[in-house]
There are 2 protein chains.
Amino acid sequence: MPRYANVPGPTIRRLSLYLRQLEAMWSAGRDTVSSKQLGDALGVTDAQVRKDLAYFGQFGRPGIGYRVPHLIDQARMILGTDQTWRAALVGAGNLGRALIAYRGLARKGFKIVAVLDRDASIIGRPLPDSDGLAVLPVSTLPEVVPAKNIRIGIIAVPAPEAQPVADLMLQAGVQGIVNFAPVALNVPPGVPVSAIDLAIHFEQVAFQVAELAD
Amino acid sequence: MPRYANVPGPTIRRLSLYLRQLEAMWSAGRDTVSSKQLGDALGVTDAQVRKDLAYFGQFGRPGIGYRVPHLIDQARMILGTDQTWRAALVGAGNLGRALIAYRGLARKGFKIVAVLDRDASIIGRPLPDSDGLAVLPVSTLPEVVPAKNIRIGIIAVPAPEAQPVADLMLQAGVQGIVNFAPVALNVPPGVPVSAIDLAIHFEQVAFQVAELAD
DNA sequence: GCTTGTGAAACGTTTCACAGCA
DNA sequence: TGCTGTGAAACGTTTCACAAGC
């Protein structure tokens with residue numbers, strides 16, 4: 001029963017960008033915006049912006065443009081960030097701790113309510129900037145996920161541990177995964193996974209720079 | 001004079017994935033791989049793998065497949081990670097320090113050789129896991145970039161500071177940017193930028209999960 | 001028998017261009 | 001006049017299907 005079954009993937013990715021830009025514009029005191037203005041700010045054509053938004057409804061007014069706060073509300077509803085998403089983080093290394101401290105996630109409604117690790121030497125330790133969370137053993141995932149109403153799992157462990165952690169997460173009832181480990185996860189079809197491989201982004205820049213030089 | 005002008009963007013993004021998977025397979029002792037095997041590991045069709053690789057040359061042997069180490073070498077050459085890329089990191093907060101400590105970047109040839117920040121209270125401080133780097137003032141970017149042969153800039157500062165930092169980086173001679181700030185950078189056309197907005201990846205998972213539920 | 005490389009077909013996305021409305 | 005929403009055209013990417021090679 002998908003709400004937006006025929007919406008192209010690229011459109012959904014850009015919707016996140018539109019929302020981010022709209023929030024910035026609203027903070028800057030802007031009340032309305034045209035597809036051209038929104039597109040220019042993001043390097044997208046005005047036609048693209050209109051087509052994208054039209055997949056979800058008719059939000060604009062000819063001659064005027066889009067009302068910024070209204071479009072923000074709509075985009076949040078569509079993306080699901082009008083609600084709070086409780087997440088479990090596995091891996092309390094440098095990256096994991098950076099995620100805990102990052103306010104941008106909470107601001108979007110993502111709350112890390114459990115932090116787990118395999119390393120016995122850090123289990124039980126309180127985490128800075130975390131509202132008093134302490135590190136739990138990964139093995140408690142099956143109890144913690146239902147008990148804390150967790151829907152999203154965050155993987156921030158070394159590559160070789162990522163697959164077993166993902167398996168355990170899904171078994172525990174997690175509905176979607178954000179994966180920072182540099183490895184392709186094998187999950188059942190239809191399970192939402194977003195992968196962020198830092199090194200790959202650097203590689204893409206390196207390729208483009210090399211292209212320019214030659 | 002681009003070497004690979006007509007190669008689709010998605011193909012270049014997948015080439016990074018192929019390389020990562022091939023490195024894992026080589027570590028696991030695999031010597032040859034077919035397009036089907038490589039594709040299955042990544043959720044891509046065999047035809048897609050072959051088309052992608054064929055944009056860059058003829059690397060395979062009918063009836064056999066691809067020689068793993070040879071394909072790794074080729075992919076590294078194409079992506080540019082057969083060389084070392086020296087990078088400057090601006091922003092020594094939680095995320096910045098996680099990047100400094102992350103070995104995966106160095107393993108791919110990306111070396112952070114300068115760390116800068118605006119915050120006077122941390123300037124001069126030595127950084128853990130950094131080979132003895134100390135934090136420099138952002139204002140020294142114009143001297144540091146040429147002096148240390150830096151080609152890539154990494155932005156890990158709060159959103160409002162990202163644009164001025166980007167401007168300063170490009171003025172200082174940086175050739176490409178990896179941007180972790182949740183804001184669209186305005187850069188001259190053709191300047192390679194890769195943007196990583198952590199919150200957006202979470203949002204995409206939330207959307208997909210919400211789609212399943214309804 | 002198995003697998004590549006590749007034209008051709010199928011498919012999906014973006015851009016165009018304009019009717020209709022403020 | 002300015003701007004949206006949208007069919008239709010243009011463009012780009014993926015999949016198909018098979019000849020050729022191991």
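Protein chains get the first letters and strands the later ones, always in sequence-line order, with residue 1 at the start of each.
In this structure, the nucleotide among C:dC21, C:dG5, D:dT6 sitting nearest to the side chain of A:Ala54 is D:dT6. Nearest to the side chain of B:Pro62, among D:dT13, D:dC22, C:dT15, sits D:dC22. Among D:dT14, D:dT15, C:dG5, the nucleotide with an atom closest to any side-chain atom of B:Ala47 is D:dT15. Counting only heavy atoms from C-beta on, B:Pro10 has its side chain closest to D:dT14 among D:dT14, C:dG5, D:dC22.
Rounding to whole angstrom units, CZ of residue A:Phe59 and C1' of D:dC3 are separated by 17 Å. For A:Ile64 and D:dG2, the CD1 to P distance is 13 Å, given to the nearest whole Å. If you take CG of B:Asp52 and P of D:dT14, they are 7 Å apart, rounded to a whole angstrom. Whole-Å rounding puts the A:Arg50 CZ to D:dG7 P distance at 14 Å. Taking atom CG of residue B:Leu53 and atom P of nucleotide C:dT4, one finds them 9 Å apart after rounding to whole Å. A:Gln48 has its CD atom 16 Å from the P atom of C:dA17, to the nearest Å. In this structure, B:Tyr55 atom OH and D:dG12 atom P are separated by 11 Å, rounded to whole Å. Across the protein-nucleic acid pair, B:Leu38 atom CG and C:dG5 atom C1' stand 16 Å apart, rounded to whole Å.
None of A:Ile196, A:Ile177, A:Val90 except one satisfies the side chain to side chain contact (heavy atoms under 4.5 Å, CB included) rule with A:Ile155; the exception is A:Ile177.
OP1 and OP2 of D:dG5 both lie 4.0 Å or more from every side-chain N or O belonging to A:Gln58. Dashed line: the shortest gap from a side-chain N or O of A:Ser35 to OP1 or OP2 of D:dT4 is under 4.0 Å. Checking the phosphate oxygens (OP1, OP2) of C:dG5, a side-chain nitrogen or oxygen of B:Tyr66 falls inside 4.0 Å. The shortest distance between the side-chain N/O atoms of A:Arg67 and the OP1/OP2 oxygens of D:dC3 is not below 4.0 Å. In this structure, A:Arg61 does not reach the C:dA22 phosphate: none of its side-chain N or O atoms is under 4.0 Å from OP1 or OP2. Taking 4.0 angstrom as the limit, A:Arg14 places a side-chain polar atom (N or O) nearer than this to OP1 or OP2 of C:dT14.
For a distance-only test at 3.5 Å, the side chain of A:Lys36 fails to qualify as a donor-acceptor partner of the base of D:dG2.
Here the two rings, on A:Phe56 and A:Tyr4, have centers that are under 6.0 Å apart.
For the pair A:Arg151/A:Gln83, a side-chain contact is recorded, criterion being any heavy-atom separation below 4.5 Å from C-beta on.
A donor-acceptor pair is defined here as one N or O able to donate and one able to accept, closer than 3.5 Å; such a pair exists between the side chain of A:Arg97 and the backbone of A:Ala92.
For the 3.5 Å distance criterion, the side chains of A:Gln204 and B:Ser194 fail to qualify, holding no donor opposite an acceptor.
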